Number of protein chains: 2
Amino acid sequence: MASAEGLHAARSRGRNTRQLVHEVLRSRIVGLELEPGSAVSENDLAAELGVSRTPVRESLILLADEGLVDIYPQMGTFVSRIRERDVASAQFIREALECAALREAVGKATARDVAELRVLLTAQEEADRQSDMEGFFQLDEEFHARLMAASGHASAWPVVSQAKAQLDRARRLSLPLTQQMSLLIGQHREVVDLLEQGDLDRADASLRSHLRLVFSDVEKIRAKHPELFSDEDTPLKPRRDSARRTASRGDG
Amino acid sequence: MASAEGLHAARSRGRNTRQLVHEVLRSRIVGLELEPGSAVSENDLAAELGVSRTPVRESLILLADEGLVDIYPQMGTFVSRIRERDVASAQFIREALECAALREAVGKATARDVAELRVLLTAQEEADRQSDMEGFFQLDEEFHARLMAASGHASAWPVVSQAKAQLDRARRLSLPLTQQMSLLIGQHREVVDLLEQGDLDRADASLRSHLRLVFSDVEKIRAKHPELFSDEDTPLKPRRDSARRTASRGDG
DNA sequence: GCTGACGTACTTGTATGGTAGCCGACCGAC
DNA sequence: GTCGGTCGGCTACCATACAAGTACGTCAGC
């Protein structure tokens with residue numbers, strides 16, 4: 001992959017190595033490129049990305065703070081399994097903040113806000129037609145972010161985004177059901193319509209049920225991919241991957 | 001100060017140096033021991049705490065993520081000034097999450113939950129009698145945390161706590177008005193009463209007005225201590241402290 | 001006195017070395 | 001066959017060294 005070169009190429013654009021590595025890793029984890037439970041070694045990542053261990057380590061500390069990796073000193077760092085508690089917590093946070101923002105946005109959102117939201121809806125429909133799941137995910141993220149921005153609380157979005165990351169890992173597995181996309185888009189449209197009409201309570205209810213649908217998806221996924229989840233309060237056995245690197249030696 | 005020794009003494013108790021340093025710094029910043037705008041040098045802190053730059057640096061990165069310090073590469077790290085935007089954002093987040101939790105807690109909180117909250121109320125009154133501001137701050141924090149826990153969303157508390165940190169820095173200056181304490185305690189009691197009575201809407205309204213009172217305090221403080229605040233979107237002139245360390249040499 | 005170039009001392013960013021601790025495989029004892 | 005000790009290799013943690021860059025004091029020139 002060109003991630004190593006891309007890293008240094010983009011580095012000149014103001015962001016330092018730590019931030020670059022952080023973004024790369026976060027993207028890989030949320031995008032399930034790095035599966036829950038898999039080990040992420042400072043050394044391996046540093047070697048792969050062509051940087052030293054320091055920025056990698058600092059990124060991992062930030063990711064641990066976000067709940068995306070678990071660091072066990074002297075044992076290893078592992079992509080965190082999806083925990084029942086974390087998902088419920090993330091859903092609660094997201095619902096509370098997005099709905100509260102929407103309630104404030106009603107009567108405050110400008111015509112321009114609504115117009116920009118509708119542009120995103122159109123783009124989402126296009127992504128649906130092309131079965132572009134990755135594109136839809138990004139547009140979905142932007143839609144919800146702008147919805148919050150319309151309330152004047154754009155600066156609270158990072159908090160939602162962080163909570164959302166926990167949910168998105170699971171959602172990534174569920175969405176292949178393409179029919180879901182059009183359903184979600186319809187709900188988006190309903191929210192925008194009600195926002196424009198100034199119907200506060202129905203807009204709130206609409207967004208809330210939309211978010212809960214997403215939440216219920218996660219539960220379905222759990223049945224299909226239990227290995228990505230963790231019930232335990234003490235998942236203290238991440239188990240080191242015993243595939244020795246001597247395998248490349250081919251002895252034997 | 002015994003902070004350096006205390007650091008290593010407590011280190012054996014499971015937490016590593018990074019976490020210890022993080023807690024110390026966070027406490028100093030929220031407690032205004034480190035004033036907004038003041039410089040915090042990795043080297044100086046490392047020397048003072050008797051550790052290397054690494055854990056200090058990692059702590060500062062976490063604090064920057066929390067919005068408590070601003071890191072300017074090759075320039076310095078400074079305790080962030082209180083920004084209008086951050087305070088408003090923190091208030092929005094806190095209000096949305098705490099009120100949403102309270103609404104869920106109504107009808108769900110056990111008798112034991114209520115009893116434990118009342119114990120805290122009693123302790124707060126005692127702190128008031130003794131004019132123990134520091135104690136009251138801790139009891140206030142615990143009260144709100146337990147209130148959220150009663151809703152079953154204790155794991156969402158760290159998010160509130162982080163937002164609260166922005167508000168607390170300013171509050172710390174306002175509370176010396178001792179009469180405020182009893183007022184706040186009365187509001188706490190009202191919330192618990194309404195929670196126990198199962199009066200959802202009035203409990204919500206009561207907590208909301210309580211939180212807004214706290215918020216309005218911040219505005220008063222701004223008038224008295226403008227140097228701790230920052231309107232600027234680009235406060236790009238933190239200005240290095242020009243007090244040379246050669247002062248200790250005593251030459252001249 | 002004022003202005004501008006320069007040098008020094010500081011800053012954070014990155015790279016690397018050494019340490020303590022844990023896991024898991026191996027191997028001898030029973 | 002089963003259990004217990006040992007040892008190798010890995011881990012994250014912390015310390016340290018080097019690099020890139022900024023700000024400020026100093027001083028020469030005007």
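Quick caveat: nothing in here was measured; it's all calculated off a predicted structure. Proteins come first, then strands; the chains are lettered A, B, ... in the order of their sequence lines, and each starts at number 1.
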Legend entry - Residues in contact with DNA chain D, drawn from residues 61-69 of chain B - heavy-atom cutoff 4.0 Å: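 None - not one residue of the stretch has a heavy atom sitting under 4.0 Å from the strand.
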Do any side-chain nitrogens or oxygens of [X] fall under 4.0 Å of OP1 or OP2 in [N]?
X	N	result
B:Ser41	C:dT11	yes
A:Thr77	D:dA12	yes
B:Arg57	C:dG13	yes
B:Asn43	C:dT11	yes
A:Ser52	C:dA15	yes

Specify the separation, in whole Å, of atom [atom1] of [X] and atom [atom2] of [N].
X	N	atom1	atom2	result
B:Glu58	C:dG13	CD	C1'	13 Å
B:His22	D:dC13	NE2	P	15 Å
A:Met75	D:dG9	CE	C1'	16 Å
A:Glu42	C:dA15	CD	C1'	13 Å
A:Asn16	D:dT22	CG	P	14 Å
B:Phe78	D:dA23	CZ	P	10 Å
B:Gln19	D:dC14	CD	C1'	14 Å
B:Leu49	D:dA15	CG	P	11 Å

Can you tell which of [options] lies closest to the side chain of [X]?
X	options	result
A:Arg53	C:dG13, D:dT16, C:dG17	C:dG17
A:Val51	C:dA15, D:dT16, D:dC13	C:dA15
A:Pro73	C:dT14, D:dA15, D:dA12	D:dA12

Legend entry - Contacts of type side-chain hydrogen bond (donor to acceptor under 3.5 Å, both in side chains), residue A:Ser80, not counting sequence neighbours: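 Once residues adjacent in sequence are excluded, the partners of A:Ser80 under the side-chain hydrogen bond (donor to acceptor under 3.5 Å, both in side chains) criterion are A:Arg169.
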Inset, instruction - With sequence neighbours left out, write down each residue that passes ring pair (Phe, Tyr, Trp, His ring centres under 6.0 Å) with A:His153, or none if nothing qualifies. - result: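 In terms of ring pair (Phe, Tyr, Trp, His ring centres under 6.0 Å), with neighbours along the sequence ignored, A:His153 is linked to B:Phe92.
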Legend entry - Cation-pi geometry met for B:Arg172 and B:Phe137 (6.0 Å, 45°):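 Yes, a cation-pi geometry.
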Inset, instruction - Scan side-chain atoms only and decide if B:Gln91 and B:Glu95 contain a donor-acceptor pair under the 3.5 Å cut-off. - result: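 Result is yes, a qualifying pair exists.
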Base, sugar-phosphate, or nothing for [X], non-hydrogen atoms under 4.0 angstrom?
X	result
B:Val40	sugar-phosphate
B:Arg18	sugar-phosphate
B:Ile71	sugar-phosphate

Legend entry - Residue pair A:Phe78, A:Val40: steps toward the side chain to side chain contact (heavy atoms under 4.5 Å, CB included) verdict: CA-CA 6 Å; A:Phe78 304 85; A:Val40 284; 5.9 Å; no
Legend entry - Full working for side chain to side chain contact (heavy atoms under 4.5 Å, CB included) between B:His144 and B:Met148: CA-CA 6 Å; B:His144 285 278; B:Met148 279 208 77; over 6 Å; no
Legend entry - More than 12 heavy atoms of other groups within 6.0 Å of B:Glu35 CD: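 No, not enclosed.
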Inset, instruction - Please confirm whether any donor atom in the side chain of A:Gln74 sits under 3.5 Å from an acceptor in the base of D:dT11, or the reverse. - result: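 Result: no qualifying N/O pair found.
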Legend entry - Donor-acceptor pair, side chain of A:Thr77 and main chain of A:Ile71, under 3.5 angstrom: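 Judged by distance alone, no pair lies under 3.5 Å.
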